[in-house]
Structures are given as C-alpha cells and as structure tokens.
Amino acid sequence: MRKVLLLGASGSIGSQTLDILKKHGKRFELVGFSVGKRVETVPSILAAFPSVKWICVGARCDAEKLKIAYPCISFYSGDEGLSEIVGNADCDMVVNALVGFAGLVPSVKALRLGKILCLANKESLVVGGSLIRDLLNKGSGSLIPIDSEHVAIDKLLSRTPRDQIEKILITASGGSFRDRTRESLSNVTPEEALAHPTWSMGAKITIDSATMMNKGFEVIEAKWLFDYPLEETEILMHRESMVHSALRLQDGTFVADVSTPDMHVPIEYALMERDVDFELKHVHVLNELGSYHFGEFDSERYPAVGLALGAFKRGGNACAILNAANEIAVYAFLEKKIGFLDIEEIVSSALEGVPFVQNPSLDDLILTDLRTRQFANEEICRRHPQ
Ligand code: NAD
Ligand code: MG
C-alpha cells in the first residue's frame, strides 16, 4: 500500500490522478491533497477518499473555515502550507500536479525527505533541474515523470541499449495556432488560444503549447531526466498526438510509443512505478488509431523554443527568469492585458534585464522568481499603460 499526497488535486492532472487512485484502490491510500483556490472541490474529494488527514488550500481564511467543518483534518494554506504539508503528511509518494513555479519547493522538499516524486509539474525541472539532479544523484528520493512525452521516452530507453540510440525525438502537436502564420497572430484571443486540437489541459499549459514554450520546457525536462546531450534531442511535429515520442536508432530504424492521447495512461505509469501492463487499452488493432502526420519543426515560427533553449544553455538562474516571465506574460494574455505575440517579447526582455546569477541556491531561485515577476509586470505596464 502506497500512502499518497496529491498536490494540485483540483486541476486537470490532479483530477485524472484521483481517477487512477480510485482504479487501484487496494494499492493506494490518499492521505493528503492540495486544491489551491478551488476549495469547493474539497467535500467531494473527501467523500471519495475518507482516508485523507492533511489538506492545503490557497487562502488562510478558507483553511480556518474548513477546519470548523472537518475538525479531525490538519489544514495548511499558501506557499508555506504546500511546503509544510509535504513535511508533515505521513506519505511515501508525492504526486506534484501543481502548475508553475509554486511546484518547485514542494518537489525539492519531497526529494530531500526521500519520497517517490511523481512529477507533472515540469516547471520544477525547468527552474530547479540542477538542484533536483543533485538530490537524485545523491540517492535522496526518486523521480518518475508524468508528462506524456517523458513517460514515452522513459519506456523506450528502458528497452533500448544506449549505444544503439542516435536521437531522441520529442513530438509536438503545434498547439492551437499550428495552421496559422505567425503574422496572423497579433490579434488572437485567449478563447482561440485555449482551443487545443488534441489535448484538454489546464489554461497555462494550453497557452504554452500555442507558443510552444511548452516544447522548449520539455526538451529541458528531458535533459534533466535522461541526461542526453541537447544536440541529440530533436522536436518532431506530429499532428495527432498519438506518437508520444520516439527514438531514432543508429541503424536508421525508429522505435516509438503510440497510444490515444489520454493523460490517464502516463499518470498510471508513474503511480504504478512503471509496473503496468502496456497493452493498448483503448484500441485493439493499430488501424483504429487512424493516420499520422509528421513535419519538421520550424524554429522561426516558434521563437519561444529558442528562448527556452538559449536560457538553458546560459545556465545559472536563466531558466528561472524564463519561467517567471513566461508565467506573468501568459496570465496577462489570459486576462487580455497583452497580445499573444507580446508573451515572447516580455520573456525576451526579462532574460536581458533581470540580473544573472551563476550557481543559484534554492533561495536564489526564489528571489529570481520574485524579481522577474516584478520586472515582467513593470514591462507589461510600460508597454500597455491602462
Ligand atoms: P491546472 O491549472 O488544471 O491545475 C493546476 C493545479 O495547481 C490546481 O489544483 C490549482 O489549484 C493548483 N495551483 C495553481 N497555482 C497554485 C499556487 N500558486 N499555489 C497552490 N496551488 C496552485 O494545471 P494542469 O493542466 O493540471 O497542469 C499541472 C502541471 O502538469 C503543469 O506543470 C503542466 O505543465 C503539467 N502537465 C499537464 C498536462 C495536462 O494534460 N494537463 C500534461 C503534461 C504536463
Ligand atoms: Mg507533454
């Protein structure tokens, strides 16, 4: 029996994780969860999982109200609460389904405490990959990815000798504007950007998919997870999101991981600690999966990928700057304060304007995040005075 703490239970990955915990009810006990601002989801999660003893919510006043309704449960709130619940909940597995920088400290804390970390929050690795890699190399905790491309690569690497591999191919759908020219994007609305062609996901990652910052993040994520040279990792455009990633072998053949686009599959792989039966569950013959289309990645069409990889190559706190500026810009776009193409502009100015730190500690990364948020907000006001 694994005792599980689920961070981000009210989100897209979080709610699908609850489905997997229910499906394997004998193997898992949900002991705690967090829901951010969406406190209205607490009663239904508690009804489905009466084993819960620890809960974290966004606002302190909500934690106080809930404590009156559920006196036997320990409540926490805010960013500090997320860190405290990881420290206090009696669990052996932490599923991090938070979005954004908020996921970094809980990830680091879970590994420091020797937990199994099932990680959807890719921003943890983008910003703090070096710290996380150090912890894993020291044997402190273990990490299993949830991101579908990384689960695909994890599976493929486990079956392929390393010296046979020439390249890792990370597939990308191209997001909601893949059939439009870059020039036509200056006036697109958040509603249009949120209509992803193949996946139903939270708002932030859906916008990151439209800019393809998400794919830049995923190349960085793969680098920290699998320690492959950046030059040997390529982005492959693939419209249907059926091929979750592939390897090109030295002999010119390809091996690929193929299944319908459903995040339950990679979530189950991570939670079951890779011990799942990989039969295609939703289709029985390959032709049911339909036709696939592939294309070359165009770096000029999607400059966000270049910004991400440039920041990664620069090292230090550059990816923390990249991530924080991107978060501020994405939410400003969603709130219609800036245009879609401004997102990359804001990120680019932050990478130039926020001071560089060579070997950042966790505290340096937290400070960089704060400084960059301030910088990006000022930049938004300067460009778009209200
Ligand atoms: P979401 O927006 O649907 O859910 C995010 C969760 O985090 C919610 O529970 C929310 O309450 C909580 N949260 C957000 N900000 C918070 C804060 N500051 N403090 C505390 N809690 C906070 O997001 P999602 O789509 O489920 O994505 C979660 C993570 O998984 C992201 O890092 C994303 O990139 C990654 N991911 C998502 C998918 C997908 O299909 N949705 C696929 C691959 C990877
Ligand atoms: Mg992905």
Side-chain angles (χ1 to χ4, degrees), residues 6-19 33-42 45 55-60 62-63 76-86 95-107 117-128 145-154 170-175 194 196 198-209 211-222 225 235-236 238 241 243-245 257 261-267 269-270 323-324 326-328 330-331 334 366 369 373:
L6 170 58
L7 303 178
S10 55
S12 162
I13 293 290
S15 59
Q16 295 177 84
T17 300
L18 292 173
D19 296 340
F33 65 87
S34 82
V35 293
K37 291 182 188 150
R38 296 197 51 204
V39 286
E40 72 282 4
T41 58
V42 169
I45 301 176
I55 296 180
C56 183
V57 296
R60 193 172 173 173
D62 285 326
Y76 303 85
S77 61
D79 286 349
E80 271 176 31
L82 282 175
S83 177
E84 284 163 9
I85 197 173
V86 175
V95 181
N96 187 342
L98 297 167
V99 62
F101 182 83
L104 173 66
V105 173
S107 284
L117 175 64
C118 297
L119 188 66
N121 178 260
K122 63 190 82 185
E123 294 90 345
S124 288
L125 279 170
V126 169
V127 177
I146 285 184
D147 215 348
S148 58
E149 294 79 359
H150 303 79
V151 163
I153 296 165
D154 194 86
I170 301 190
T171 48
S173 71
L194 287 171
H196 195 282
T198 50
W199 293 100
S200 164
M201 309 181 285
K204 196 244 174 195
I205 184 175
T206 307
I207 304 303
D208 285 346
S209 300
T211 59
M212 274 188 71
M213 181 63 85
N214 182 53
K215 214 44 62 175
F217 280 5
E218 289 185 352
V219 173
I220 297 170
E221 191 184 0
L225 285 169
I235 297 170
L236 174 69
H238 165 52
S241 303
V243 175
H244 299 301
S245 275
D257 181 77
D262 177 353
M263 284 307 294
H264 288 97
V265 177
I267 294 170
Y269 175 85
N323 177 70
N326 182 58
E327 276 189 45
I328 292 295
V330 166
Y331 289 114
L334 285 169
I366 294 169
D369 181 75
R373 280 167 197 269

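Whatever order the structure lists ligands and atoms in, that order sets their numbers, starting from 1. None of these values were measured; they are calculated from a predicted model. Along the sequence shown, the residues carry numbers beginning at 1.
The closest side-chain heavy-atom distance from Val95 to Ile146 is below 4.5 Å. Annotation: side chain of Ile207 is not in contact with side chain of Tyr331 (no heavy-atom distance under 4.5 Å). In this structure the side chain of Pro266 never reaches within 4.5 angstrom of the side chain of His244, judged on heavy atoms. The shortest side-chain heavy-atom distance between Val35 and Ile45 falls under the 4.5 Å cut-off. Two residues are said to be in side-chain contact when any heavy atoms from C-beta on lie closer than 4.5 Å; Phe33 and Ile55 meet this criterion. Looking at heavy atoms from C-beta onward, Asn326 lies in side-chain contact with Asp208 at the 4.5 angstrom threshold. Contact check for Leu125 versus Phe217: no side-chain heavy atoms found under the 4.5 Å cut-off. Ser34 has its side chain within reach of Leu82: a pair of non-hydrogen atoms, C-beta onward, lies under 4.5 Å apart.
Within Glu218, the N/O/S atom positioned nearest the Mg ion (ligand 2) carries the name OE2.
Here the closest heavy-atom approach between residue Ala9 and residue Leu18 is recorded as O-CD1, 4.0 Å.
For ligand 1, the atoms lying closer than 4.0 Å to a non-hydrogen atom of Glu123 are 31 (C), 32 (O). With ligand atoms numbered from 1 in the order given, ligand 1 contributes 11 (O), 21 (N) to contacts under 4.0 Å with heavy atoms of Gly36. Set against the non-hydrogen atoms of Met263, the atoms of ligand 1 under 4.0 Å away are 40 (O), 42 (C), 43 (C). Set against the non-hydrogen atoms of Val35, the atoms of ligand 1 under 4.0 Å away are 11 (O). The distance from ligand 1 to the heavy atoms of Ile13 drops below 4.0 Å at these ligand atoms: 26 (O), 30 (O), 37 (C), 38 (C), 39 (C), 40 (O), 41 (N), 42 (C). Close contacts of ligand 1 with Met201, meaning ligand atoms under 4.0 Å from a residue heavy atom, involve 39 (C), 40 (O), 41 (N).
Only the backbone of Ala97 comes within 4.0 Å of ligand 1, judged by heavy-atom distances.
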- Message: With salt bridge (Lys or Arg N to Asp or Glu O under 4.0 Å) as the criterion, how do Glu149 and Lys122 come out once you've worked through the C-alpha distance, each side chain's angles and the decisive distance to 0.1 Å?
- Response: CA-CA 12 Å; Glu149 294 79 359; Lys122 63 190 82 185; 5.6 Å; no
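The nearest protein atom to atom 43 (C) of ligand 1, hydrogens excluded, is given as Asp147 OD1, 3.0 Å; this is a heavy-atom distance. Considering only non-hydrogen protein atoms, atom 17 (C) of ligand 1 sits nearest to Ala102 CB, 3.8 Å. Nearest protein neighbour of atom 33 (C) of ligand 1, counting heavy atoms only, is Ile205 CD1, 3.8 Å. Nearest non-hydrogen protein atom to atom 35 (C) of ligand 1 is Ala120 O, 3.1 Å. Annotation: atom 13 (N) of ligand 1 to nearest protein heavy atom, Leu98 CD2, 4.3 Å. The closest protein non-hydrogen atom to atom 9 (O) of ligand 1 is Ser10 OG, 2.7 Å. In this structure, atom 3 (O) of ligand 1 lies nearest to the protein heavy atom Ser12 N, 2.9 Å. Nearest to atom 25 (O) of ligand 1 among the protein's heavy atoms is Gly202 N, 2.9 Å.
In terms of modelled atom types and a separation under 3.5 Å, the side chain of Asn96 and the main chain of Cys118 share no donor-acceptor contact.
Geometrically, ligand 1 and Gly11 share a nitrogen or oxygen pair separated by less than 3.5 Å.
The OD1 atom of Asp147 and the OE1 atom of Glu149 meet at the Mg ion (ligand 2) at an angle of about 100°, given to 10°.
Under the 3.5 Å distance criterion, with hydrogens and angles disregarded, no donor-acceptor pair is assigned to the side chains of Thr41 and Ser10.
The shell of residues lying under 4.0 angstrom from ligand 1, judged by heavy atoms, includes Lys122.
For atom 20 (C) of ligand 1, the candidate residues are Thr41, Leu82, Leu7; the nearest heavy-atom contact is made by Leu82.
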